[in-house]
Every structure is written in C-alpha cells, then in structure tokens.
Amino acid sequence: MRMLVLLFSLALGTTALAASADLAPATRAFDDGAFPRAAFLARKLDTSQGDAFAARAELVQGEFVSVGAARRAAFDRALADARRALLRDPARPEGHLYLAVALGLVARGEGVLMAHVAGYGDEARAHIDRALVLAPDNAWAHAALGGWHLEIAYAGGLVGAALYGASVEAGEASYERALVLDPGNTSIAWQYALQLTGIGGKSRIDRAQALLAAILEHPPQTALDRFLRDGATELAAAVESRNRPQMLRVVTRRLGRDGFGATAPGPRIETRPGVGRTR
C-alpha cells in the first residue's frame, strides 16, 4: 500500500514536529537534500522527536533518491527509527504516522498478497487511528487515512475493500478534510492528486488537475519542494493530455507500484555541506 508522503510524502512534506533548536542542524541538512546526514544528526539526539525526524529523512531518501535495494534499506531504517520514537514516547502522533507511512512504502514494493500476509495494512491503520486520537485535527493524520483507503480500494479491488473496510468515498472525504485543515499543504495535495489520477473518472481527474495547478503556483524553497514540483509538473502534463495510459504510467512510477527494482522518480540531489541542488 502507499500512504503519504506522507505523505508522505506523508511524512514527505512539512512536518507536525514542533520547532526544536536541537533539530536545527538536521533540519538544515534535510532542506539542503542531505537526507542521510539529516537522519544521522537527528538520531544522535536520542529523543523521540529526533528519531521521528530521522524516520522522515529516511523515507524521503528512499522515495526520491535511492534506487533498487537501497530504497528498501532506507525504508527499513525508517521503520526502525519510527518504532524507536514510539518506544521513547508513544504519545507523539508523528511517530505513529511515520511508522504507518514506512509500512505502506514497504508494502507497495512487496505486492498486495505479501503485504496482506505480513499484516502491514492492519498495523498501518492502527497507527493512523492512534494518531487521530492523539491529534484529531492533524491534517497529516487525515491525509494518511485518506491514502490508506484509496490505495486499498485501488490495489485490492473489491476483495481488498471487503477485507479492510476501505472505500474510495471515505478516502476522498479524509483527504478533503486534511486540505480544509491545511489548505496550503502542497505535499498532501500532491499525494491526493496522484491517487485521484490513478483511480480515474472525469470529476476526479478535474479535481487532480486543480490540485496540481495550485501546487505549481508555489515556488520551491527546499530540495523536497523541488522533488514535489518536478512530480507535479510531469503529472499535470499527463492529466492535461487526458491520455489514460500516459497518466497511469506516471502514477505507477510516482507511487512506486513497480517495486523496489525501479529507479526513484525524482531528480537526483547533489550535496556538499550547506548546499543542496538538483540536476
């Protein structure tokens, strides 16, 4: 399953973590595109907040930079970081969200059957539900729930929906709630647009097109912003064409549904201390 980017992207955009002076060096490395260094610096804090930030950095590294087996390794590190964050403080919602996202990213590379047997869907949903209890107005938690519903409805079909109680309508409602809570969140809008395009239908494609147009109005400020803008530009062109096979090719690659052997979809990041740039 694919969550987000957290989110992504879940997890892949601006974060629910409170500002912390201790996290400032890790945050600078993250914004520059030095995601492994950001994770290393965050882990050194030996705090729940630091471990959660490390999970976020590893998720972005795996999603947008690493290729092949290195992608799975980054997601496995994110799983370990998120679990450690929850051991230190189970009351922090971001630890639950990053764990749910990491489970989804691992699941998508292993396929629907393996993910079901491993119990990834149930575990991810439990952590999303816990995050919503801890932070009922957290936009990321609602977006994660929306991604959970839409991915299962898309990838699992009627069988998946029956097993997990997922539906397209519930997924759309959760995403729309997330955007009411945080209307300027480009990461949530990007993930929603991707999943709507994958599901298809005129009204959903129209909604995706509007979301992508809004994303492209925001100039990128960080390495992650550039990744998201690159993806939005590509998907917007496919949606504008109204060519269904072209749209699905973009969605499949951008959501990583082609497994861990696929090349990461974003531009490559070159970094040196204090600098991050795309090429």
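Just the heavy atoms: all of them, side chains too, but no hydrogens, waters or symmetry mates, feed the values below. This chain uses plain numbering: 1 for the first residue, then up along the sequence. All values derive from a computational prediction rather than experimental measurement.
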Check step by step if side-chain hydrogen bond (donor to acceptor under 3.5 Å, both in side chains) holds for Y192 and E172.
CA-CA 8 Å; Y192 187 25; E172 290 175 312; 4.7 Å; no

Step by step, work out the side chain to side chain contact (heavy atoms under 4.5 Å, CB included) result for R204 and T197.
CA-CA 7 Å; R204 294 185 179 104; T197 304; over 6 Å; no

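- Here the shortest heavy-atom pairing between I128 and A144 reads CD1-O, 3.6 Å.
- For the pair H142 (side chain) and P136 (backbone), a donor-acceptor distance under 3.5 Å is present.
- Side-chain N or O atoms of S241 include one that pairs as donor or acceptor with a backbone N or O of A238 at under 3.5 Å.
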Report the C-alpha separation of F53 and Y98 in whole Å, then their side-chain angles, then the decisive distance to 0.1 Å, and conclude whether the ring-ring contact (aromatic ring centres under 6.0 Å, His included) test is met.
CA-CA 9 Å; F53 194 94; Y98 292 149; 8.5 Å; no

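- Linking ILVMFWY side-chain heavy atoms closer than 4.5 Å, directly or via other members, places L134 and L145 in two distinct hydrophobic clusters.
- In summary, R43 and D51 do not engage in a salt bridge, as defined by a charged side-chain N under 4.0 Å from a carboxylate O.
- Stacking of R125 on the aromatic ring of Y164 is not recorded, the 6.0 Å distance cut-off and the 45° axial limit not both being met.
- We find that R177 and D137 are joined by a salt bridge, their nearest charged nitrogen and carboxylate oxygen being less than 4.0 Å apart.
- The main-chain N or O of A34 is never found under 3.5 Å from a side-chain atom of D32 such that the two would form a donor-acceptor pair.
- For R229 (side chain) and L216 (main-chain N/O), a donor-acceptor pair under 3.5 Å exists by modelled atom type.
- Put simply, the side chain of R88 gets close to the backbone of D46: a donor and an acceptor are under 3.5 Å apart.
- Note: K202 NZ to R207 CZ = 14.0 Å, rounded to the nearest 0.5 Å.
- A donor-acceptor pair under 3.5 Å is absent between the side-chain atoms of D206 and the main chain of S203, judged by distance alone.
- The two residues L23 and A42 come nearest to each other via the heavy atoms CD2-CB, 4.2 Å.
- Residues satisfying the ring pair (Phe, Tyr, Trp, His ring centres under 6.0 Å) test with H96, not counting sequence neighbours, are H127.
- For R254 and D230, the salt-bridge test passes: some basic side-chain N is under 4.0 Å from an acidic carboxylate O.
- In this structure, I188 CD1 and W190 CH2 are separated by 14.5 Å, a value rounded to the nearest 0.5 Å.
- Crowding of E240 atom CD: a count of heavy atoms from other residues, nucleotides or ligands under 6.0 Å not exceeding 12.
- Annotation for R84: atom CZ counts as buried by contact number, over 12 foreign heavy atoms lying within 6.0 Å.
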Kindly indicate, with the supporting measurements, whether the criterion side chain to side chain contact (heavy atoms under 4.5 Å, CB included) is fulfilled by L105 and R71.
CA-CA 10 Å; L105 290 169; R71 301 182 76 189; over 6 Å; no

